[in-house]
Amino acid sequence: MSLIDTIMTRIAAPAPRRAYAFILAVFIVFLAQAAFLVSMIWDRAALLQSETEVTLAIEPVDPRDLFRGDYVILRYEISQLEEGKLPGDDGFEEGQDIHVCLEEQGAVWKPVSLHRAQPEGDGACILGLVDRIVAGRLLHITYGIESYFVPEGTGLALEHQRNEGRLTIRVALGENGEPAIKALLLDGEAIHEEPLF
């Protein structure tokens with residue numbers, strides 16, 4: 001075997017190893033991404049199967065953004081709460097988590113107390129974020145459930161029904177109070193239900 005053949009053999013030999021290492025790296029990246037997606041789907045499905053559910057009243061909202069597809073903008077009675085009118089904690093700041101404890105009153109659940117941390121007990125508390133504070137006491141709170149995508153062609157009709165006060169929403173609450181929309185209700189009857197997957 002000539003010197004050139006020996007050199008060429010040694011140069012060519014590591015190539016399969018590099019190819020194998022590259023394929024293995026791609027496979028590991030694929031598995032990591034797949035695991036991440038499966039965990040997101042699993043977390044959402046587990047939240048929607050939560051036994052703790054509340055029904056929230058919806059307030060009218062205008063205007064509508066026509067460029068984002070068929071969806072309904074949702075604002076709740078619990079989206080604006082005044083500190084001092086409810087027991088619990090006060091002195092909230094913008095950007096701070098807030099736990100709003102709810103109690104069933106008729107067809108919907110109403111706020112009964114405000115807390116910085118999830119209170120102990122079996123009560124239903126929803127986790128929100130203090131978005132802004134007006135006049136030092138009026139808390140504007142977002143819950144991450146402020147819009148709901150609906151089948152094409154139904155959004156405008158639902159917004160009219162929302163503005164008439166006929167829509168409510170059923171929300172599943174996780175152990176930490178994290179909310180997920182479970183169903184959109186018209187006059188108390190479910191008209192759109194969120195699939196588990």
- request: Rounded to the nearest 0.5 Å, what's the gap from OG on Ser50 to CG on Leu48? Could you check?
  value: 9.0 Å
field: Aromatic ring pairing Tyr148/His192, orientation class (parallel under 30°, perpendicular over 60°, tilted between)
entry: tilted
- request: Could you tell me whether the side chain of Cys101 reaches within less than 4.5 Å of the side chain of Pro111, counting heavy atoms only?
  value: no
- request: Before giving the answer on side chain to side chain contact (heavy atoms under 4.5 Å, CB included), spell out for Leu81 and Lys85 the whole-Å C-alpha distance, their side-chain angles and the decisive distance to 0.1 Å.
  value: CA-CA 8 Å; Leu81 299 173; Lys85 287 199 170 181; over 6 Å; no
- request: Under the side chain to side chain contact (heavy atoms under 4.5 Å, CB included) rule, what do Gln105 and Val112 come out as? Steps first, then yes or no, please.
  value: CA-CA 10 Å; Gln105 297 179 8; Val112 292; 4.3 Å; yes
field: Rounded distance [0.5 Å steps], CG in Leu138 versus CZ in Arg132
entry: 8.5 Å
query: Nearest 0.5 Å, what's the CZ-CD1 distance between Arg162 and Ile169?
result: 11.0 Å
field: CA sep, side-chain torsions, deciding dist, call: Val130, Thr142, side chain to side chain contact (heavy atoms under 4.5 Å, CB included)
entry: CA-CA 7 Å; Val130 178; Thr142 56; over 6 Å; no
Leu129 and Asp97, any side-chain heavy atoms less than 4.5 Å apart: yes
- line: Closest non-hydrogen atoms of Arg137 and Gly84, given as atom of the first, atom of the second and distance, are NH2-CA, 3.1 Å
message: Please report the interatomic distance CD1(Ile28) to CZ(Phe30), rounded to the nearest 0.5 Å.
response: 13.0 Å
- prompt: Are the side chain of Arg75 and the backbone of Gln80 linked by a donor-acceptor contact shorter than 3.5 Å?
  reply: no
query: Considering residues, nucleotides and ligands other than Glu189, do more than 12 of their heavy atoms fall under 6.0 Å from its CD?
result: no
message: Among residues at least two apart in sequence or on other chains, which ones pass salt bridge (Lys or Arg N to Asp or Glu O under 4.0 Å) with Glu194?
response: Arg44
field: Within one Ile-Leu-Val-Met-Phe-Trp-Tyr cluster: Leu127 and Ile145, side-chain cutoff 4.5 Å
entry: no
query: If only atom types and distance count, is the side chain of Arg166 paired as donor or acceptor with the main-chain N or O of His160 below 3.5 Å?
result: no
Polar side-chain atom of Thr55 near backbone of Val108 as donor-acceptor pair, under 3.5 Å: no
query: So, the side chain of Glu94 versus the backbone of Ile133: is there a donor-acceptor pair under 3.5 Å, distance only?
result: yes
- prompt: In terms of hydrophobic clustering (I, L, V, M, F, W, Y; side-chain heavy atoms under 4.5 Å; direct or indirect links), are Ile191 and Tyr76 co-clustered?
  reply: yes
field: Close side-chain approach of Ile141 and Ile78, heavy atoms under 4.5 Å
entry: no
- request: First locate atom CD1 of Ile73, then atom CG of Leu158, and finally report the distance between them rounded to the nearest 0.5 Å.
  value: 12.5 Å
statement: Pro179 and Ile126 have their tightest heavy-atom pair at CB-CD1, 3.7 Å
message: Determine whether Leu114 and Asp89 satisfy the following criterion, side chain to side chain contact (heavy atoms under 4.5 Å, CB included), listing intermediate values before the conclusion.
response: CA-CA 6 Å; Leu114 306 176; Asp89 298 328; 5.7 Å; no
Interatomic distance, Leu185 atom CG to Leu167 atom CG [nearest 0.5 angstrom]: 8.5 Å
task: Could you tell me whether the side chain of Glu146 and the main chain of Gly144 form a donor-acceptor pair under 3.5 Å?
output: yes
message: Is it the case that the side chain of Glu77 and the backbone of Lys110 share a donor-acceptor pair, with hydrogens and angles ignored and the cut-off at 3.5 Å?
response: no
field: Expected output: side-chain Glu83 to main-chain Leu139 donor-acceptor under 3.5 Å
entry: no
task: Mind listing the closest non-hydrogen atom pair of Arg116 and Phe92 along with its distance?
output: CG-CE2, 3.7 Å
query: Given the rule that I, L, V, M, F, W and Y join up when any side-chain heavy atoms are under 4.5 Å apart, are Leu47 and Leu184 in one cluster?
result: no
task: Provide the closest heavy-atom pair for Glu193 versus Ala183 in the form atom of the first, atom of the second, distance.
output: CG-CB, 3.9 Å
field: side chain to side chain donor-acceptor pair (under 3.5 Å) pairs, two or more places apart, involving residues 168-184
entry: Glu53-Lys182
field: Sidechain-backbone polar pair: Tyr143 side chain, Ser79 backbone, donor-acceptor under 3.5 Å
entry: no
task: Say whether, by atom type as modelled, one donor and one acceptor occur between the side chain of Gln96 and the main chain of Glu93 under 3.5 angstrom.
output: yes
